[in-house]
Each structure stands twice: as C-alpha cells, then as structure tokens.
Chemist: 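Quick one: the structure is below, and I'll ask about it shortly.
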Amino acid sequence: MEIAAFHDTDTGTLTYLVWDPATQAAVIIDPVLGYDPASGALSLKSVEDVALAARERNLDVHWILETHVHADHLSGSQFLKERFSKAKLGIGERIGEVQALFSSIFGFEGAQKPTAAAFDHVFKDREEFSAGGLRFKVLATPGHTPACVSYVVGDAVFTGDALCALDAGTGRCDFPGGDAKTLFHSIHDVLYALPDETRTFAGHDYRPGGRALLYRSTIGEQKGSNPHLQAATTEESFVEFRTGRDRGLSAPRLLYPSLHVNLMGGRLPPPDSQGRRFLKLPIFAPAR
C-alpha cells in the first residue's frame with residue numbers, strides 16, 4: 001500500500017491518495033475544492049494536484065471517500081468524479097441525519113432537500129469493501145457529526161475530524177448533531193481499540209506556529225500523548241473539557257458555503273437561466 005498526502009494550505013485540510021501498487025487500484029479521501037468567499041471564485045488547484053498524482057502513476061480510482069460532511073471546506077468530489085468516471089462517492093450511512101438537521105437551517109424544501117441519494121454509496125458501521133488488493137473496513141466514529149466514519153486499511157486508519165494532528169487533539173462537537181460524549185466513545189472504545197502500531201492519518205493540520213506538517217501518528221502515540229483524550233482520560237473529564245473548549249470557538253470561515261455544497265455530495269447549486277450559481281446562506285437576526 002502507498003499513501004500520498006496533499007495539504008490544502010487555505011483550509012488546513014489533508015487529502016489522501018491511497019493505492020495498491022500491484023493492481024494500480026486507488027481511492028481518494030476528503031478532496032478539497034478551493035473557494036474564496038470574498039470574490040466567489042472557485043479554485044481547482046487541490047483537485048488537480050490529486051488528479052495529476054493519480055494520472056502520473058496510472059492509477060485506477062475506484063472510490064472517492066468522505067469521512068463526513070465537512071464544515072470548513074467545499075468537497076472536490078464531483079470534480080474528481082468527472083476526471084475518474086468509474087469512481088464511486090461514499091460516506092457514512094448516517095448522512096441522512098446530517099442532511100435533515102441542516103435542511104431546516106437552510107430552508108431546503110421539497111425537491112431541494114438533500115438525501116442520501118446524493119452519494120453513490122453509504123457505508124454501514126464495520127462494512128468492508130475493496131479496491132484492488134486493498135481491503136477497507138469502515139468504522140462509525142460519530143461525535144464531531146453523526147455521520148463521521150474512519151477508514152481502516154492495512155495498518156492505517158484515516159480518522160477525519162475525530163482524531164486530529166497529534167498536538168491538536170480531537171474534533172469539535174458543537175455543530176448540530178455533535179456530541180462530546182459520543183466522540184469520547186468513538187475514540188476511546190473504537191479507534192483506541194485498534195493495534196497501537198496502527199498509523200493514524202488526520203483530516204486537518206493547521207500548523208500552529210508555522211511548524212512542519214504533522215498529520216501522521218500512531219494509535220499508541222495518540223493514546224499516550226493526545227492533549228484532549230488519552231487512554232486513561234475519563235469520559236467525564238473529556239466531556240467537560242471538550243464542551244468548555246467548544247464554547248470559545250468561532251464558527252468556521254466557510255461553514256455555510258461548505259455545508260450547502262457538501263450536503264449535496266459536493267455538487268454546486270444548479271445554474272440559473274444565465275448560467276450563474278448562487279449559494280444560500282442563512283442570516284440570524286439579533287434578539288430585540
């Protein structure tokens with residue numbers, strides 16, 4: 001198994017290209033579509049970087065995998081599906097819960113409402129699937145969102161926003177449907193049950209202080225050094241810490257643009273008669 005990581009500097013997101021050298025079968029995990037909210041301009045740089053790497057290696061992309069509905073970047077999944085037409089888009093089976101939660105916030109009604117059909121496949125907890133000689137297992141790891149999953153393949157696990165870079169701890173739990181107690185059990189009971197030597201690949205690295213990238217660790221290192229949740233951390237102390245920390249966090253810069261697109265499986269809003277596309281953003285009026 002080979003793994004290549006691509007860091008999107010604007011959002012701190014890690015995209016992973018994972019492939020089997022024997023068969024050239026590959027998957028892409030958590031692709032990024034660049035978006036500038038000030039100008040409304042999209043950028044395909046991150047998408048093209050991953051696509052070029054796959055083409056240079058003559059890889060056959062079987063799957064584009066999302067660890068969850070991201071709230072900090074637009075998904076590049078549909079643009080990659082255009083480039084790799086055989087690839088299927090997959091996400092965790094609880095995606096419908098997340099879509100329902102945010103449909104009311106966005107005011108999506110009738111045919112506008114996103115459904116799980118926006119994805120080619122929704123994975124059940126512990127479901128297994130293959131790409132060439134690679135055998136993946138899906139682990140439900142909710143808490144950051146209800147639909148979060150981690151993907152285990154060989155001696156590696158891709159944890160999305162459940163486990164972050166080793167010095168960054170764990171994902172926040174204050175989005176609708178998030179829950180600190182649930183995240184505790186996803187990490188403590190599910191991820192920390194993997195062998196200590198299992199390599200962990202985080203969904204984000206914001207490089208505090210400008211340090212070098214630190215997206216990879218091991219389950220053993222996380223259990224011993226994670227600043228939020230170690231093997232000996234109690235549920236009560238984690239929930240108290242995580243809940244308190246989340247109260248002081250600002251909303252992600254691209255929260256609503258990301259959700260509008262990602263709830264639809266990475267699809268942009270349909271164009272109007274002049275070919276223009278518009279994002280729908282909620283406004284919350286202050287109390288009077």
Chemist: In the hydrophobic clustering (ILVMFWY, side-chain contacts below 4.5 Å, transitive), which residues join Val153, or is it alone?
Modeler: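 Under the 4.5 Å side-chain rule, Val153 groups with Met1, Ile3, Leu14, Tyr16, Val18, Val27, Ile29, Trp63, Leu65, Phe123, Phe129, Leu134, Phe136, Val138, Val149, Tyr151, Phe158, Phe201, Leu213, Tyr215.
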
Chemist: Are more than 12 heavy atoms, taken from residues, nucleotides or ligands other than Glu128, located less than 6.0 Å from that residue's CD atom?
Modeler: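 Yes, enclosed.
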
Chemist: Check this for me: does any side-chain nitrogen of one of Glu97 and Arg94 sit under 4.0 Å from a carboxylate oxygen of the other?
Modeler: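 Salt bridge present between Glu97 and Arg94.
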
Chemist: List for me each residue that meets salt bridge (Lys or Arg N to Asp or Glu O under 4.0 Å) alongside Arg216, sequence neighbours excluded, and say none if there are none.
Modeler: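 Residues passing salt bridge (Lys or Arg N to Asp or Glu O under 4.0 Å) with Arg216: none at all.
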
Chemist: Check Thr145, Thr141, Ile91 against His68 for a side chain to side chain contact (heavy atoms under 4.5 Å, CB included) and give me the one that passes.
Modeler: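 Exactly one candidate clears the test, Thr145.
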
Chemist: Are His204 and Tyr206 an aromatic pair by the rule of ring centers under 6.0 Å?
Modeler: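 Close enough - the centres of the two rings lie under 6.0 Å apart.
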
Chemist: What residues join Phe241 in its hydrophobic cluster, counting side-chain heavy atom gaps under 4.5 Å, either direct or through other members?
Modeler: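 Once heavy-atom contacts under 4.5 Å are chained together, Phe241 still belongs with nothing else.
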
Chemist: With sequence neighbours left out, which residue pairs that include part of residues 74-104 fulfil the ring pair (Phe, Tyr, Trp, His ring centres under 6.0 Å) condition?
Modeler: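 For residues 74-104, and leaving out neighbouring residues, there are no ring pair (Phe, Tyr, Trp, His ring centres under 6.0 Å) pairs at all.
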
Chemist: According to the ring pair (Phe, Tyr, Trp, His ring centres under 6.0 Å) rule, which pairs have a member within residues 265-288, sequence neighbours left out?
Modeler: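 Passing the test, one end in residues 265-288: no pairs.
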
Chemist: Under the salt bridge (charged side-chain N to carboxylate O under 4.0 Å, His left out) definition, can you give me all pairs with a residue in residues 250-269, not counting sequence neighbours?
Modeler: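 Found Asp10-Arg253.
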
Chemist: Any salt bridge between Asp196 and Lys223, counting N to O under 4.0 Å?
Modeler: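 Salt bridge between Asp196 and Lys223, a charged N being under 4.0 Å from a carboxylate O: yes.
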
Chemist: Tell me every residue that passes salt bridge (Lys or Arg N to Asp or Glu O under 4.0 Å) with Asp120, counting only those two or more places apart in sequence or in another chain.
Modeler: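 For Asp120 the salt bridge (Lys or Arg N to Asp or Glu O under 4.0 Å) partners, ignoring immediate neighbours, are Lys81.
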
Chemist: What distance do Gln78 atom CD and Leu89 atom CG have between them, rounded to the nearest 0.5 Å?
Modeler: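 Rounded to the nearest 0.5 Å, the CD-CG separation comes to 6.0 Å.
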
Chemist: Apply salt bridge (Lys or Arg N to Asp or Glu O under 4.0 Å) to Asp125 and list each qualifying residue two or more places apart in sequence or on a separate chain.
Modeler: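 Asp125: no salt bridge (Lys or Arg N to Asp or Glu O under 4.0 Å) contacts found.
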
Chemist: Would you say the side-chain atoms of Asp272 pair up with the backbone N or O of Arg276, donor to acceptor, closer than 3.5 Å?
Modeler: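 Side chain of Asp272 to backbone of Arg276: a pair is present.
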
Chemist: Strictly by modelled atom types, are His73 and Thr11 linked by a side-chain donor-acceptor pair under 3.5 Å?
Modeler: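 Note: His73 and Thr11 side chains miss the donor-acceptor criterion.
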
Chemist: Restricting to pairs with a member in residues 19-32, which pass side chain to side chain donor-acceptor pair (under 3.5 Å), not counting sequence neighbours?
Modeler: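 Listed by first then second residue: Asp20-Thr23, Asp30-Thr67, Asp30-His70.
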
Chemist: What residues, two or more places apart in sequence or in another chain, satisfy side-chain hydrogen bond (donor to acceptor under 3.5 Å, both in side chains) together with Arg247?
Modeler: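 By the side-chain hydrogen bond (donor to acceptor under 3.5 Å, both in side chains) rule, Arg247 matches no residue at all.
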
Chemist: What residues form a salt bridge (Lys or Arg N to Asp or Glu O under 4.0 Å) with Glu93, not counting sequence neighbours?
Modeler: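 For Glu93 the salt bridge (Lys or Arg N to Asp or Glu O under 4.0 Å) partners, ignoring immediate neighbours, are Lys124.
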
Chemist: Can you name the ring-ring contact (aromatic ring centres under 6.0 Å, His included) partners of Phe106, sequence neighbours left out?
Modeler: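 Partners of Phe106 by the ring-ring contact (aromatic ring centres under 6.0 Å, His included) criterion, ordered by chain and then number, come out as Phe108, Tyr256, His260.
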
Chemist: Going through the checks in order, is the salt bridge (Lys or Arg N to Asp or Glu O under 4.0 Å) test met by Arg172 and Asp161?
Modeler: CA-CA 8 Å; Arg172 65 194 294 173; Asp161 286 9; over 6 Å; no

Chemist: Taking Val152 as the fixed residue, which of Leu194, Thr198, Leu191 is the one that meets the side chain to side chain contact (heavy atoms under 4.5 Å, CB included) rule?
Modeler: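 Of the listed residues Leu194, Thr198, Leu191, the side chain to side chain contact (heavy atoms under 4.5 Å, CB included) partner of Val152 is Leu194.
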
